[in-house]
Amino acid sequence: MKSKKWIAMLLAGGQGSRLGELTTGLAKPAVPFGGKYRIIDFPLSNCTHSGIDTVGVLTQYQPLVLNHYVGNGRPWDLDRNFGGVSVLPPYQGKDGGEWYAGTANAVYQNIQYIDHYDPEYVLVLSGDHIYKMDYSKMFKYHVEKNAQATIAVIEVPWSEASRFGLMNTDDEDKISEFEEKPADPKSNLASMGVYLFDWKLLKQYLIEDEHDPFSTKDFGKDIIPKILGDGKNLYAYRFEGYWKDVGTVESLWEAHMDLLNDIPGFDLNDPHWKFYAGNANHAPQYISSEANITQSLVNEGCIVHGTINHSVLSYNVHVGKNTTIKDSVIMPNVKIGNNVTINNAIIASDICIEDGAEIGSSSPAAEITVIGDAENISYVATNEKSRIK
Amino acid sequence: MDNVIGVINLVNEKQYLKELTSHRCLSAVPFGGRYRLIDFIMSNFIHADITKVAVFTKEKYRSIMDHLGSGKEWDLDRRNGGLFILPPTHPDELIKGDLQQFHDHIEFFLRSPEDTVVISPGHHVCKMDFQEIVEYHKESCADITVIYKDFDGEPVDKPIYHKYSIQNDGRVKNIELYTSPEQGESVGLETFVIKKDLLIEIIKTCCENGEYDFLKDGVKANLHHLKVNSYHYKGYFPFIHSISSFYKSNMDFLNPELAQAFFYDTWDIYTKIKHEAPVKYSISSKVSNSLVANGCDIEGTVENSIIFRGVKIRKGAVVKNSIIMQKGEINEGTYVENVITDKQVKITSEQVVIGDSIPRIVKKADVV
């Protein structure tokens, strides 16, 4: 059987606890984004456009939605006879089985899967970032630099640098030091969680790391520092463009707001780089004569009678008369009644909001209100800023 | 339904829609913001679990083949059954009638184990429940069941519809071909349920005798020795036979009750998925009473209109009472009213394009 030049391993097992109620019933990569997508659509679509036709999706936390969604990979053109997408949950073997103990352990447990394709290179991705990236350019760079491992980095503002894993590099962008969230940053090149490895090298490090009792079995904390410590050729690949970690409620909300300017921070509607999504069949949206929509993204399946300003409406959202939604993200299948006011909020899927409800605060200093679970409306009612009838 | 074949018969299509059908067949005409006409019958078949569908194409079928592809949007990419596209076998010769083309592909019917066939044109916008219709057909022990509706369309200037005389017991007494029906008269929808063996027999016998029209030579000629029963369809069904009736039936969907009943309260209508982003509204956009499909970028004003996928409406542009098909571009300061623009039309800035009671059509990929 022929072998693959490169394959991708997508880490999609994270719980995303900082997204609170949005991830009660589904894994972080399955969280809806941008009105029609789920977060995992971004790395998967990037793979398709970069010419990667084999992707292992490592799942663990609440995998039901994700497994069903990824399916045989058809929306991303990843339904292939040899390769394509494979969902890889933890499994039981002859000597027992165990949960994925960390990102590195998750890939370690799937060495057999990777070896089946006998790739020269393995790209490791995470399922919690919104970005548009041509991995083939990084691949070219990796080969040109004769690198053994390459880490994609993005310049972040110095003021925020200490929130990230940072790469200190020499003039050639060879990495000399890796610091995880340092108090006093020496660099502003942040790791994007996109790693390209020579597979032989990575396999060796995964096996060694697995036998290290002090390891946390994590790419950032264990594998990268060990490769660096052994003086291997580790390079930083500078990515220019939009990249956002949407691991918190605030950053998820901000990433949505980035879509809304007339010249958006991140353009979903690039005909040469479409983002693919499952469940894409809905009726056209109906905008009534009472409606008023400005600076917003509205998906198919919506029926809008109210005022929508600077917000994102996902598919099958119905908005009643005299309702105002501002600076908010409404996830799929939400039904909103008449005379409702929603400000600075994220409303999770399948929620029904009754007539006259007031959600969120219009004060710029207010935190983002999350309505995450229909059963949890008492949480909102006790919140002084919000009230649901 | 295991035992049913769906046949979509495009052989009898007429060029009612002028410029809109100059480069595509009638069933491939875009409709309702993101569909093509054929999506409705395809989705009705799928809803009735008819999982073997044959499309008999006659001419200008590139776009329909591109649209249907492997049939996967309708779950028709199957190992057993699935989608069959059956074009003319002798493209140099004039097709004498639908029976001739059924005859040229008679192998398809002979090889199929199913015992019942539903035949329908490809351009009907309706939600017809074929599960119910086939059950009705079987319970009534009819040889053929024809589907009709009380005519409620715009008056026709040419005799194009077939009138049925129905007895009290539902049997069809007579069929008057090519008439101009009055309001309320029973008009055939060229939709039939028939036993497969009988269909094969009709195809063979008629073609041997030089008869090639299924309705005339297969159904009407056999009214006396076959049990031809009727099914009265009463749901929403626009008679589309002119630009103005096509325009009006699109606009019907701006009625929220109809849109709700048609798109949300019953089964889904599937179409080819284009993976377009959600609609982007800018700070200057003003949209009211309109249907908008994904991939659109709206900076201007849109009223009482249907906007297909991937349309750009620039700042200061005004679109009223119009249908803008896929990838149209209406530039700055342009005023468009009572117009149907076909796909990929570009209207440059500061133009005024106005139709009258019969909408003006701008042909595919034209620049105005």
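Labels below follow one simple rule: chain letters A, B, ... track the order of the sequence lines, proteins then strands, and each chain is numbered from 1.
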*Is the count of non-hydrogen atoms from other residues, nucleotides or ligands lying under 6.0 Å from B:Ile354 atom CD1 greater than 12?*
yes
*So does B:Leu258 have more than 12 non-hydrogen atoms from other groups sitting under 6.0 Å from CG?*
yes
*Between B:Pro278 and A:Tyr315, is any pair of side-chain heavy atoms under 4.5 Å apart?*
no
*With side chains defined as the heavy atoms from C-beta onward, is the minimum distance between A:Asn269 and B:Lys312 less than 4.5 Å?*
yes
Name the region of [X], side chain, backbone, both or neither, that has any atom closer than 4.5 Å to a heavy atom of chain B.
X	result
A:Asp270	neither
A:His282	backbone
A:Ile308	neither
A:Leu259	backbone

*Please round to the nearest 0.5 Å and tell me the distance separating atom CG of A:Leu268 and atom CG of B:Asn294.*
10.5 Å
Sort by residue number and list every member of [range] having a non-hydrogen atom under 4.5 Å from chain A.
range	value
residues 260-272 of chain B	B:Gln260, B:Phe263, B:Tyr264, B:Asp268, B:Ile269, B:Tyr270, B:Thr271
residues 324-334 of chain B	none
residues 62-83 of chain B	B:Lys72, B:Asp75, B:Asp77

Quick check: closest heavy atoms across [X] and [Y], and the distance to 0.1 Å?
X	Y	result
A:Tyr286	B:Leu254	OH-O, 3.3 Å
A:Lys36	B:Glu276	NZ-O, 2.7 Å
B:Val279	A:Gln285	CG2-NE2, 2.9 Å
B:Ala277	A:Tyr37	CA-OH, 3.3 Å

Interface residue of largest heavy-atom contact number with chain A, from [options], under 4.5 Å:
options	result
B:Tyr281, B:Tyr35, B:Phe253	B:Tyr281
B:Gly33, B:Ser282, B:Ser285, B:Ala293	B:Ser282
B:Leu291, B:Ile298, B:Asp297	B:Leu291

_Under 4.5 Å from a heavy atom of chain A, the part of B:Ala259 involved_ = neither
*asked:* Within residues 287-307 of chain A, which residues come under 4.5 Å of chain B, heavy atom to heavy atom?
replied: A:Ile287, A:Ser288, A:Ser289, A:Ala291, A:Ile293, A:Thr294, A:Gln295, A:Ser296, A:Leu297, A:Val298, A:Asn299, A:Glu300, A:Gly301, A:Cys302, A:Ile303
*Just give me the residue among A:Gly35, A:Ser314, A:Ala277, A:Gly34 that pairs up with chain B most often, heavy atom to heavy atom, under 4.5 Å.*
A:Ala277
*May I ask you to decide if B:Lys274's main-chain N or O and A:Lys274's side chain share a donor-acceptor pair within less than 3.5 Å?*
yes
